[in-house]
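Heads up: the structure comes next, in structure tokens.
Positions are given from 1, in the same order as the sequence printed here.
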Amino acid sequence: MQEPIQNRSQDHQFMSAIASAPHAGGRLRREVRGVNLTAMTLIAGLFLLLAGRPVAAQVAPGGCRELVVNGGFEAATLAPWQESSAAGFPLLDGFFVHSGSQSAWLGGYTNASDYLTQTLTLPAGATQAALQLWVQIDTTEANNAAALDIFTVEIKDAAGNLLGTVASLSNQDHSAAWSLRTYNVLAYAGQTVQLVLHGAGSVDNNITDFHVDDISLAVCAADQKIFLPWLRK
């Protein structure tokens with residue numbers, strides 16, 4: 001039987017047990033912040049290299065433009081993403097990744113509310129605009145539980161007013177595997193908008209982790225195809 005995932009707010013209690021604390025999906029739980037996992041990330045990077053998987057989502061060839069900066073979270077900081085966590089947790093994760101050595105981790109504690117925001121300008125002449133992100137969700141909520149912990153992808157205007165909710169996932173979408181999510185955001189062409197990722201948790205003792213990596217927003221003009229970096233098409 002799988003052991004439940006560790007509550008993010010209790011990381012400090014598990015410093016001696018990190019190396020032997022598996023959770024849903026069979027991976028080791030996130031390291032205690034400050035623990036050096038350089039060797040482990042190097043091994044993970046080598047594995048991805050041998051597997052032939054690209055380690056960035058920041059390429060949009062054929063005249064298409066990639067708008068998201070640091071979408072793979074491989075920079076030393078989250079910039080230009082702006083982060084906010086109700087519990088004060090850093091949202092940059094150096095352990096559980098889709099590619100490279102870092103990802104973003106939202107939620108994972110009771111009554112969670114974590115935000116990642118980046119301001120983008122979609123050109124008015126765009127004829128295609130595809131937002132892609134890789135997501136992995138694990139939870140201690142029961143399999144038949146209602147959608148209690150929610151992850152949303154929102155588009156807001158420059159003033160922070162909600163223009164639309166592009167995606168809404170929950171504990172019901174949990175899976176040990178990463179999944180690629182693709183959304184059409186052409187409706188926002190010609191606007192400067194905020195791309196907002198929000199992970200929210202309920203007040204009960206069960207928690208849900210929302211791991212996000214390799215975010216891309218490629219915009220193309222006429223006769224230019226959207227590039228799918230992970231499918232190499």
Side-chain angles (χ1 to χ4, degrees), residues 1-9 21-30 53 57 68 71-73 81 83-87 89 91-93 95-100 102-118 129-156 162-185 187 194-217 226 228-231:
M1 181 175 66
Q2 294 176 330
E3 297 182 24
I5 58 175
Q6 176 186 324
N7 190 316
R8 188 173 188 167
S9 63
H23 86 302
R27 70 173 177 85
L28 295 178
R29 188 55 181 152
R30 175 189 169 99
R53 175 176 288 170
V68 174
F73 305 106
W81 294 97
E83 65 176 316
S84 172
S85 173
F89 289 122
L91 304 185
L92 191 64
D93 182 27
F95 183 72
F96 192 49
V97 302
H98 173 254
S99 73
Q102 296 183 130
S103 66
W105 175 18
L106 291 79
Y109 59 98
T110 299
N111 203 22
S113 183
D114 295 336
Y115 287 91
L116 278 177
T117 304
Q118 186 170 147
L131 173 65
Q132 300 179 82
L133 62 158
W134 285 87
V135 181
Q136 191 276 335
I137 301 171
D138 52 31
T139 187
T140 61
E141 301 285 0
N143 286 334
N144 60 351
L148 301 173
D149 307 319
I150 308 296
F151 171 78
T152 56
V153 180
E154 301 171 339
I155 302 295
K156 297 183 178 182
L162 181 65
L163 298 177
T165 299
V166 176
S168 181
L169 305 173
S170 74
N171 49 281
Q172 295 179 335
D173 300 294
H174 69 93
S175 172
W178 288 86
S179 63
L180 176 62
R181 308 280 177 160
T182 302
Y183 307 100
N184 184 352
V185 292
Q194 297 179 25
L195 173 62
V196 181
L197 312 181
H198 182 213
S202 60
V203 297
D204 64 23
N205 290 327
N206 292 313
I207 59 173
T208 302
D209 296 325
F210 300 104
H211 300 282
V212 188
D213 204 356
D214 300 317
I215 303 172
S216 170
L217 202 171
I226 287 291
L228 304 182
W230 307 111
L231 300 180

For the pair N111 (side chain) and V203 (backbone), establish whether a donor and an acceptor sit closer than 3.5 Å, ignoring hydrogens and angles.
no

Taking every heavy atom of S168 against every heavy atom of I150, the minimum-distance pair comes out as OG-CG2, 3.7 Å

dist H98:NE2 -> L133:CG (nearest 0.5 Å) comes out at 11.0 Å

ask   = Does H174 reach the side chain of T208, with side-chain heavy atoms less than 4.5 Å apart?
value = no

Here the pair of heavy atoms bringing T182 nearest to A130 is CG2-CB, 4.4 Å

To the nearest 0.5 Å, atom CD of E83 lies from atom CG of D114 at 9.0 Å

Is there a side-chain contact between I215 and L197 in this structure, where contact means two heavy atoms from C-beta onward sitting under 4.5 Å apart? yes

Tell me yes or no: between the side chains of T139 and N171, is some donor less than 3.5 Å from an acceptor? no

Interatomic distance, CG@L91 vs OG@S84, rounded to 0.5 Å, equals 8.0 Å

Interatomic distance, CG@D213 vs CD@Q102, rounded to 0.5 Å, equals 9.5 Å

message = Quick one, L131 and L195 - any side-chain contact, counting heavy atoms below 4.5 Å?
response = yes

Here the gap from L217 atom CG to Y183 atom OH, rounded to the nearest 0.5 Å, amounts to 12.5 Å

For I207 and T110, the nearest pair of non-hydrogen atoms, with its separation, is CG2-N, 3.9 Å

Exactly one candidate in D93, D214, L116 meets side chain to side chain contact (heavy atoms under 4.5 Å, CB included) with F73; the answer is L116

One should read off an interatomic distance between F96 CZ and D138 CG, to the nearest 0.5 angstrom, of 6.5 Å

### Query
So do L148 and N206 actually touch side chain to side chain, heavy atoms under 4.5 Å?
no

Taken in chain and number order and not counting sequence neighbours, the residues that satisfy salt bridge (Lys or Arg N to Asp or Glu O under 4.0 Å) with E141 are none

Worksheet item: Do the ring planes of Y115 and H198 sit parallel (below 30°), tilted (30 to 60°) or perpendicular (above 60°)?
Response: parallel

The residue among F151, W134, Y109 that forms ring-ring contact (aromatic ring centres under 6.0 Å, His included) with F210 is F151

Between L106 and G199 the two heavy atoms that sit nearest each other are CD2-N, 3.5 Å

In terms of heavy-atom contacts, S170 and A147 come closest through OG-CB, 3.5 Å

Exactly one candidate in K156, Q118, E154 meets side chain to side chain contact (heavy atoms under 4.5 Å, CB included) with Q194; the answer is K156

### Message
Between S216 and Q132 (side chain of the first, backbone of the second, donor and acceptor by atom type, cut-off under 3.5 Å), is there such a pair?
### Response
no

Go through R181 and L169 one step at a time and tell me if the side-chain contact (heavy atoms from CB on, under 4.5 Å) criterion holds.
CA-CA 11 Å; R181 308 280 177 160; L169 305 173; 3.6 Å; yes

